[in-house]
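Within every chain, numbering begins at 1; the chains are lettered A, B, ... in the order of the sequence lines, protein sequences first and strands thereafter. Basis for what follows: all heavy atoms, side chains included, without hydrogens, waters or symmetry-related copies. Quick caveat, the model's predicted, so the values are computed rather than measured.
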Amino acid sequence: MSEEFITLTFPDGSNRKYHKDITGLEVAESISQGLARNALSITVNGSILDLDQPVTHDGKITINTWESDDGQYTFWHSSAHLMAEAVQELYPEAKFGIGPPIENGFYYDIDFGDQPFGLDQLDKVEQKMIELARQKSRFQKKTVSKAEALSHYQEKDNEYKIDLINELEEGTITFYQQGTFIDLCRGPHVPDTSVIKAVKLTKLAGAYWRGDVKSKQLTRIYGISFPKQKLLDEYLHQVEEAKKRDHKKLGRELGIYMIDNMVGPGLPLWLPNGTQLRRTLEHFLRDEQKHRGYQEVITPHIANLNLYKTSGHYPYYKDSQYNPMEVDDDEYMLKPMNCPHHHRIYSNELRSYRDLPVRLAEFGTVYRYEQSGELNGLSRVRGFTQDDAHIYCTHDQLKDEIKNVIDLTQFVFKTFGMPVDIRLSFRDDNEEKYGGDMEYWERAQKEIQEVADELKLDYKIVEGEASFYGPKIDFIIRDAIGRKWQLGTVQVDYVMPERFDLTYIGSDNDRHRPVIIHRAPFGSMERFVSILIEHFAGDFPLWLAPLQAKVLPISAEFNSYAEECTDLLKSAGLRVETDTRSEKIGAKIRDAENSKIPYMIIMGEREREQNTVSVRRHKRGDIGSYPFKKFLNKMKEEADNRELPPLSI
RNA sequence: GCCAAUGUAGCUCAGCCGGUAGAGCAACGCUCUCGUAAAGCGUAGAUCAUCGGUUCGAAUCCGUUCAUUGGCUCCA
């Protein structure tokens, strides 16, 4: 290897030789002036660097522009600094915490002291940002000693930065300055502020310093920025579109659910349409589980507090449970989970190894006292139903059972057309968060990973995400507009069998401990329905639609023929209604379209004579005329096959 | 629970600097019996979330409580 030259490999696989210590900008210039103009930063061997930083070694290089994630990351990081500069100009007393880029934009946590900071002040900050951006201030990097860094912030009386610096190693501390604002920061940044052309500050929130409830709460300002006004407009338009599929809006419009203050916050009431939808989902999963050897059980909504003391849940989750109620001389609690009930069912009889695995399933309704600020439509509630099941098996059966559960879960999400990412959630070394022996944990984690490998799953491991009694496999689905939701989980549990003294008689005639798998593909029916509504934007596939077709007679003269057809469709197991209002056909169609009903069946003179139906498909319009019987079969087939509509995005 | 914002008819919203509520859609009634995204006319519907304060007078200003929304924290 030469001292003077380095070889850089570009994303397309090509190589080029450069003088050692060439900067990113010079590399970009060597390719094209256009690229150099658009370059924001470079990524070398996985780390993002400033454009003017010298490259010292051979390696893979990417010139980051707005088009890449790393480029946006740099852009938004610099935008956070720009916002801080604007805030500093307007509020010189403000003290700054942290200000990172995030998935969609950036934020900065700021301590405004006693000055309240409200939404109406965001405009001013925005304007200031644009004004400052136009000054084209360079982002300049400085390496400082720890002592210098500390004294800088002592002078500013900023305890937050001091807190951060104290955790840094001497020699690694850098500041970046643009305009009048200087900030502790490891970078990288865009070359200068002029690339930031459009800014929107989007949200204001309280955020605890370092995420700790006991620390001071800072004001967090969220924003997003773009290199062109047009991109900002597009982004805002997209946000508007996303709002249109909000399940809280559609849930009301489509008659899915309501929340009533007289009943209580976080306690959803399922309306007829929502109940139909939920029952369809339950039937779907129930049938599938029946095929896979599950037995269904039903357990009560309250139980003696001792049950949860035995399970160990009570002390862990005391704050998020409804207070116990006194019954006779005992204390009872609304059930916050179904597991202990199922464990008692397991213990109801002596189990032989020949009986295992025992798979107990229940659509079990549970109640948890969620913090008031957490409640959200159907997706975060205080009373909800889990599609819960517990599988009791021998150690030898464990891996196969996990495989079956993964297979079921994948089948379920495939049916809804949702792509799935898999995460193995393991423990970290915080002893207090977990129950049970370390030995069990290691074993369970090893087995889960082995199964994932054997199934050739594409997974990632995240430490610290386990539940308190065991590691999990989490299924993270992506919806139609790319948002991610953690849904189904599979958990391996060695703790509860001990606590509940669960046993089975082995072939050796001795007692043994079974292993438990907890699993819930949907997680909660409430949350899953909220996600389905947003995924389909309310345009459900035929098999899920609460009302599958509306028969629309042209005028009252055809009402009876329409009713006849409706009855025939109903007898075929389809959900159909007739619209006999004295409205014009256009109005009937419009109302049916707005209610997102998949099929509209129009009946008039022609149809009655020829025994046909004229059919419209939701959002697609007239799809022509069919002999009645043929259409009935077509509809039936589409519903039975659980066909997915083309997604509207 | 904490921070910020919001709360006017079933829904969507108007109501300026205080002078005691207004529209569209929906509902209901009547007329029209109609061919692929809104027929016409009429009727009814609101102690302006709550409690309290300021004021001659409060939907409007101030405070309380409740709820909702967006975040933070939490999520068996």
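Taking the six-membered ring for Trp and the full ring otherwise, the centers of A:F117 and A:Y91 sit less than 6.0 Å from each other. Between A:Y469 and A:H518, the distance from one ring center to the other falls under 6.0 angstrom.
Residue contacts for A:S614: at a heavy-atom cut-off of 4.0 Å it reaches a base atom on one of the strands shown. Among the atoms of the strands shown, none is found under 4.0 Å from any heavy atom of A:E465. Among the protein residues, A:G373 comes within range of the nucleic acid bases, having at least one heavy atom under 4.0 Å from a base atom. Residue-level contact check: A:Q371 touches the bases, meaning some heavy atom is under 4.0 Å from a base atom. Heavy atoms of A:L218 sit nowhere under 4.0 angstrom from any nucleic acid atom. Contacts of A:G435 with the nucleic acid, taken as non-hydrogen atoms under 4.0 Å apart, are absent. Using a 4.0 Å heavy-atom cutoff across all strands shown, A:Y208 reaches at least one base atom of the nucleic acid. Residue contacts shown for A:N261 are limited to sugar-phosphate atoms, with no base heavy atom under 4.0 Å away. Using a 4.0 Å heavy-atom criterion, one finds that A:P336 contacts the bases of the nucleic acid, with or without backbone contacts as well. As judged by a 4.0 angstrom heavy-atom cut-off over every strand, A:S467 is placed among residues touching the sugar-phosphate backbone only. Note on A:Y317: a base of the nucleic acid sits closer than 4.0 angstrom, heavy atoms only.
At whole-Å resolution of the value, CD1 in A:I110 and C1' in B:rC3 are 14 Å apart. Remark: P of B:rC34 and CD1 of A:I554 are 10 Å apart, rounded to the nearest angstrom. Taking atom OH of A:Y108 as the reference point, atom P of B:rC72 lies 18 Å away to the nearest angstrom. Taking atom NZ of A:K200 as the reference point, atom P of B:rG70 lies 17 Å away to the nearest angstrom. Rounding to whole angstrom units, CZ of residue A:R527 and C1' of B:rA76 are separated by 14 Å. Atom CZ of A:R606 and atom C1' of B:rG35 are 7 Å apart (whole Å). For the pair A:Q386 CD and B:rA76 C1', the computed distance is 8 Å after rounding to whole Å. Atom CD1 of A:I601 and atom P of B:rG35 are 20 Å apart (whole Å).
In summary, A:E609 and A:R606 do not engage in a salt bridge, as defined by a charged side-chain N under 4.0 Å from a carboxylate O.
The shortest side-chain heavy-atom distance between A:D479 and A:F536 does not fall under the 4.5 Å cut-off. Using a 4.5 Å heavy-atom threshold, the side chains of A:F426 and A:E442 count as separate. Looking at A:N611 and A:Y561, their side chains come closer than 4.5 Å, going by heavy atoms from C-beta outward. The closest side-chain heavy-atom distance from A:K335 to A:T299 is below 4.5 Å. Residues A:V495 and A:Y440 fail the side-chain proximity criterion, which asks for heavy atoms closer than 4.5 Å. A:H247 has its side chain within reach of A:N376: a pair of non-hydrogen atoms, C-beta onward, lies under 4.5 Å apart. Side-chain atoms of A:L271 and A:M258, non-hydrogen and from C-beta on, do get closer than 4.5 Å to each other.
Taking only side-chain atoms of A:E370, from C-beta outward, the nucleotide of B:rC74, B:rU36, B:rA67 with the closest atom is B:rC74. Taking every side-chain heavy atom of A:S555 into account, B:rU33 is the closest of B:rC74, B:rG35, B:rU33.
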Before giving the answer on salt bridge (charged side-chain N to carboxylate O under 4.0 Å, His left out), spell out for A:R519 and A:D388 the whole-Å C-alpha distance, their side-chain angles and the decisive distance to 0.1 Å.
CA-CA 6 Å; A:R519 43 108 282 180; A:D388 214 353; 6.0 Å; no

Take A:E577 and A:K550, measure what salt bridge (charged side-chain N to carboxylate O under 4.0 Å, His left out) needs, and give me the verdict at the end.
CA-CA 5 Å; A:E577 281 175 9; A:K550 198 132 192 170; 3.5 Å; yes

Chi angles and distances behind the salt bridge (charged side-chain N to carboxylate O under 4.0 Å, His left out) call for A:K484, A:E103:
CA-CA 12 Å; A:K484 291 182 175 184; A:E103 203 173 323; over 6 Å; no

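The C1' atoms of B:rC28 and B:rG71 are separated by 44 Å, rounded to the nearest whole Å. Nucleotides B:rC13 and B:rG18, compared at atom P, are 25 Å apart to the nearest Å. Taking atom C1' in both B:rA46 and B:rG7, the straight-line distance is 14 Å, to the nearest Å. Atom P of B:rG15 sits at a distance of 24 Å from the matching atom of B:rU69, rounded to the whole Å. One P atom belongs to B:rC16, the other to B:rG53, and the distance between them is 25 Å to the nearest Å. Taking atom P on both nucleotides, B:rG42 is separated from B:rU55 by 46 Å, rounded to a whole Å. Rounded to a whole angstrom, the distance from the C1' atom of B:rA5 to that of B:rU20 is 28 Å.
In this model, the phosphate group of B:rC72 is approached by a side-chain N or O of A:Y222 to a distance below 4.0 Å at OP1 or OP2. Between B:rC74 and A:S320, no contact under 4.0 Å exists linking OP1 or OP2 to a side-chain N or O. In this structure, A:K248 reaches the B:rG70 phosphate: one of its side-chain N or O atoms is under 4.0 Å from OP1 or OP2.
Nearest-nucleotide positions on RNA chain B for A:Y469 and A:Y369 put A:Y369 closer to the 5' end.
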Please list, for nucleotides 37-45 of chain B, all pairs of protein and nucleotide N/O atoms separated by less than 3.5 Å.
residue: B:rA37; atom: N6; partner: A:E593; partner atom: OE1; Å: 3.3
residue: B:rA38; atom: N7; partner: A:R590; partner atom: NE; Å: 3.3
residue: B:rA38; atom: N7; partner: A:R590; partner atom: NH2; Å: 3.2
residue: B:rA38; atom: N6; partner: A:R590; partner atom: NH2; Å: 3.0

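If you check B:rA59 for Watson-Crick or wobble pairing at under 3.5 angstrom, you find it has no partner at all. Under the Watson-Crick or G-U wobble criterion, with both distances below 3.5 Å, B:rG45 is left unpaired in every strand shown. In a base pair of the Watson-Crick type (N1 to N3 plus N6-O4 or O6-N4) or a G-U wobble (N1-O2 and O6-N3), with each distance short of 3.5 Å, B:rA39 is matched with B:rU31. Summarising the base pairing, B:rG70 is matched to B:rC3 through a Watson-Crick or G-U wobble pair whose two defining distances lie under 3.5 Å. With a cut-off of 3.5 Å on both Watson-Crick or G-U wobble distances, the partner of B:rG18 is given as none.
Shown here are the side-chain hydrogen bond (donor to acceptor under 3.5 Å, both in side chains) partners of A:K95, two or more places apart in sequence or in another chain: A:E159. Residues passing the side-chain contact (heavy atoms from CB on, under 4.5 Å) test with A:K203 are A:Y222, sequence neighbours excluded. A:R581 is linked by a side-chain hydrogen bond (donor to acceptor under 3.5 Å, both in side chains) to A:D579, A:D591, counting only residues two or more places apart in sequence or in another chain.
The base of B:rC75 sits with one of its N or O atoms less than 3.5 Å from a complementary donor or acceptor on the side chain of A:R380.
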Counting primed atoms plus P, OP1 and OP2 as sugar-phosphate and everything else as base, spell out the protein contacts along nucleotides 4-18 of chain B at 4.0 Å heavy-atom distance: B, S or - for each nucleotide, 5' to 3'.
SS-----SS------

Generate the contact string for nucleotides 24-30 of chain B. Rules: B means base contact, S means sugar-phosphate contact only, - means no protein heavy atom under 4.0 Å.
-------

